[in-house]
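Remarks on the structure that follows.
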Amino acid sequence: MKALLIETGQIIWFNIKNLLLFLIGYRLTAAAVYLQLLNAGIRFSLGRAGYSYLTLENAWKVLASPWTVPVLFVLSAAGLLFLMVEAGGLVAAYSGAMYSLKVPAFQMFIQGVRSAIQQLERGNFRLFFVVLADFLLMNLLYVYRTLTHVKPLNFVIEEMSGRPFILAGAAVVVIICVAAVIPAYFVFHLCMIEQKFYRDGKRSSVELLKGRWLGTVARVVCPQLLIMASASAFYLLLVAASAVFAVLFVRRDLEFAFLIRAADWMEWIVMGLAGMAASLLFFADLTIQYYQYGKSKLEKQHFFYTATAVVSRRNGLAALAVFGLIGGMGLTDAAVNGTFLSNSVVAQTEITAHRGSSASAPENTMAAVAAAVEEMADWAEIDVQESADGVLVLCHDGDLQRVAGVKRDVKDMTYEELGALDVGSWFSEDFAGERMPSLEAVMEYAKGRLKLNIEIKYSGMGSMLPEKVQELVELYEMEDQCIVSCTNINYLRRIKRANPRIKTGYIIPAAFGNYYMDEDVDVISIRSGFITEKLVTAAHEAGKSIHAWTVNEKKELERMRVLTVDNIITDNPVLAREILYRKEATEGLLEYLAMILR
């Protein structure tokens, strides 16, 4: 084992800078592009099937839609192509290293693309499924963790994980997959370097493996187990460091909520790093074995020089840097601002701060919205009305008596007059002088920080309030970061007619009728006391999400979690996050560190 690691480490270290440049740059770019493809494909499939959200109850109906299978085929083909390009690039890099030749990062990419095209031209389609199987087996733990965050797969996995015979069956399936993949172990090099057809390559692979089956399996499995163990230890170390940071630098009432959010981010980072390490080790050792077991030393291959005349080293690095930057920006934007994919498929009950974080700051003010960000809410629910001169402002009540001590209605005052009012002193002297913000100011602040549930107050059918809100959502390009809610269904229909991409939420006080069947409604916003398992199932079957309001008590928060509502609207987002995502081991660590460090 030690000799194996040394030999593999040497071939990786020989060209480590270019390998990391290629792998990081390519994965960032490919992930950003593929995320957009997934986003568009799932949006299209759900729309054609007549749904806004993917749920366990409507999943089979979505799959039965005539458009879903072609979309899944295109997405799968694109995913296989991305994997093949990476495999081709790594084969080129390590084959060059066997002859003490350093292949530049951008040339790895060019060769990867060229290799993928060559396999398609030769009809080596089965090689694409081999690369998929290898990547899945290399990243089994990380694939599992990813699927637990995706609905409705998370529910199926949760149900299966508690049954021993299911776990045993899964283990058998993995063993069968390994047994099926091992005979084709060397086909990458045989098809890419020796230019063989898949059938001939597999036959030659079996020949090379004679008498070496157990050793080959051990050389595949042991490094992957080592990576998993190292990744787990690294993750625990990062969580411990985050806990120390929380105790020392984060506001005491936010410590646990911060640690929960940090642990989630750390998990994704560690999985990404472990996935790259798995690919580096697998293809490095595969290349070493290929050249060791070959019956005769192959002539020096020139396939990894094909890009030399096309691009210089400097231009190649510049292009790779640009691709990496674009990919990084795309993934960061998706992570921060959200996408249709994350809002419709990612399995997580989200938390909405009611009227901003109205327990920490005066409702519907910039201070309340800022507090929602600080308290790590996913959304802020805000109430919007129109001033006498047509400006959209935040205020819940029609009159200003409660929040400003003025016996006048919002609609009768200009924006300048409203801006002169103190809407913070009623809450606390600490907020004296707080002003009523415009919706545009809030959207400008929230973009990239916080998603918005914009409740528009009904002010008659002649009002242009729905269209004005729609135009602002489009102006700030926040279609995937906003929901527009209202108690009036006609307002929602007007928004949907103008822009079907904008999610609409129907606010109802009680659960009567089949309101969740309306095609112009994406979200059912309902008082938590009326929510039952039957209601959640019916709404999810119709492809709608359930937002429960206003949930502040611990027992009700726990009930909403059990019922798997999609979003909880609360005055206390910190408490909600602690209840929803409580992890006893993490909480215990935080308490222990707090006791030591304070």
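Heavy atoms only: backbone and side chains are in, while hydrogens, waters and symmetry mates are out. What you see is a predicted model; the values in this text were computed from it and never measured.
From Asn139, atom CG reaches atom CE of Met228 across 8.0 Å, with rounding to the nearest 0.5 Å. The CD1 atom of Ile117 lies 8.0 Å from the CG atom of Leu81; values are rounded to the nearest 0.5 Å. Residue Thr564 holds its OG1 atom at 5.5 Å from NE2 of His540, rounded to the nearest 0.5 Å. Note that CZ of Phe109 is 8.0 Å distant from OG1 of Thr29, once rounded to the nearest 0.5 Å. Going from atom CD of Gln118 over to atom CD of Gln195 covers 5.0 Å, rounded to the nearest 0.5 Å. Remark: Lys196 NZ to Ser205 OG distance equals 10.0 Å, nearest 0.5 Å.
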> Taking it one step at a time, do Glu479 and Lys503 satisfy salt bridge (Lys or Arg N to Asp or Glu O under 4.0 Å)?
Replying inline: CA-CA 7 Å; Glu479 286 92 340; Lys503 291 286 193 301; over 6 Å; no

> How far apart are the C-alpha atoms of Leu63 and Leu72, what are their side-chain angles, what is the distance that settles it, and do they pass the side chain to side chain contact (heavy atoms under 4.5 Å, CB included) test?
Replying inline: CA-CA 9 Å; Leu63 289 173; Leu72 288 177; 3.9 Å; yes

>> If you apply the rule side chain to side chain contact (heavy atoms under 4.5 Å, CB included), what do you find for Phe282 with Gln224, and how did you get there?
In response: CA-CA 8 Å; Phe282 175 79; Gln224 302 306 321; 4.1 Å; yes

>> As a quick check of understanding, evaluate salt bridge (Lys or Arg N to Asp or Glu O under 4.0 Å) for Arg43 and Asp480, giving each step before the final call.
In response: CA-CA 11 Å; Arg43 183 196 296 276; Asp480 290 324; 3.2 Å; yes

>> What verdict does the salt bridge (Lys or Arg N to Asp or Glu O under 4.0 Å) test give for Asp264 and Arg261, after you've listed the backbone C-alpha separation in whole Å, the side-chain angles of each residue and the deciding distance to 0.1 Å?
In response: CA-CA 5 Å; Asp264 287 339; Arg261 178 65 63 87; 5.5 Å; no

> Passes side chain to side chain contact (heavy atoms under 4.5 Å, CB included), Ser279 versus Leu90? Steps please.
Replying inline: CA-CA 8 Å; Ser279 290; Leu90 291 175; 4.1 Å; yes

> How far apart are the C-alpha atoms of Arg501 and Glu474, what are their side-chain angles, what is the distance that settles it, and do they pass the salt bridge (Lys or Arg N to Asp or Glu O under 4.0 Å) test?
Replying inline: CA-CA 10 Å; Arg501 282 192 61 194; Glu474 292 172 346; over 6 Å; no

> Does the side chain to side chain contact (heavy atoms under 4.5 Å, CB included) test come out yes or no for Val206 and Arg203, once each step is laid out?
Replying inline: CA-CA 5 Å; Val206 172; Arg203 191 179 296 116; 6.0 Å; no

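Remark: side-chain polar atoms of Thr349 are paired, donor with acceptor, to backbone N or O of Val565 under 3.5 angstrom. Remark: the backbone N or O of Val103 is paired with a side-chain donor or acceptor of Asn15 at under 3.5 angstrom. When atom types are taken as modelled, the side chain of Arg48 and the backbone of Thr68 share no donor-acceptor pair closer than 3.5 angstrom. Side-chain atoms of Asp378 come within 3.5 Å of backbone atoms of Ile351 as a donor-acceptor pair (strictly under, hydrogens ignored).
Side-chain contact between Leu273 and Met276: present, with at least one pair of heavy atoms (C-beta onward) separated by less than 4.5 Å. At least one side-chain heavy atom of Leu286 sits under 4.5 Å from a side-chain heavy atom of His189. Residues Leu21 and Met108 are not in side-chain contact: their nearest non-hydrogen atoms beyond the backbone lie 4.5 Å or more apart. Using a 4.5 Å heavy-atom threshold, the side chains of Met192 and Met84 count as touching. In this structure, the side chains of Ser95 and Tyr290 stay at 4.5 Å or more apart for every pair of heavy atoms. Within the 4.5 Å cutoff, side-chain heavy atoms of Phe106 are placed close to those of Ile110. The shortest distance between side-chain heavy atoms of Gln481 and Tyr476 does not fall below 4.5 Å. Contact annotation: the side chain of Arg27 approaches that of Glu86 to within less than 4.5 Å [non-hydrogen atoms, C-beta and beyond].
Across Ala97 and Ile11, no two heavy atoms sit closer than the pair CB-CG1, 3.8 Å. Residue Leu190 comes nearest to Gly201 through the heavy atom pair CD1-O, 3.1 Å, listed as atom of the first residue, atom of the second, then distance. Nearest heavy-atom pair, Val131 versus Leu80, reported as atom, atom and distance to 0.1 Å: CG1-O, 4.5 Å.
There is no side-chain donor-acceptor pair under 3.5 Å between Tyr51 and Glu541.
Aromatic ring centroids of Phe125 and Tyr198 lie 6.0 Å or more apart.
Classification of the Tyr34-Phe82 ring pair by plane angle, with boundaries at 30° and 60°, yields perpendicular.
Counting heavy-atom neighbours within 6.0 Å of Trp13 CH2, excluding the residue itself, gives a total of 12 or less. Within a 6.0 Å sphere centred on CZ of Arg199, heavy atoms belonging to other residues, nucleotides or ligands number 12 at most.
Both the sub-6.0 Å distance and the 45° axial angle are satisfied by Arg212 relative to the ring of Tyr293.
Of the charged side-chain nitrogens involved, none lies within less than 4.0 Å of a carboxylate oxygen, so that Glu477 and Lys447 do not count as a salt-bridged pair.
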Tell me which donor-acceptor pairs under 3.5 Å the side chains of residues 169-187 have, and how far apart each pair is, sequence neighbours excluded?
residue	atom	partner	partner atom	Å
Tyr185	OH	Gln289	NE2	2.9

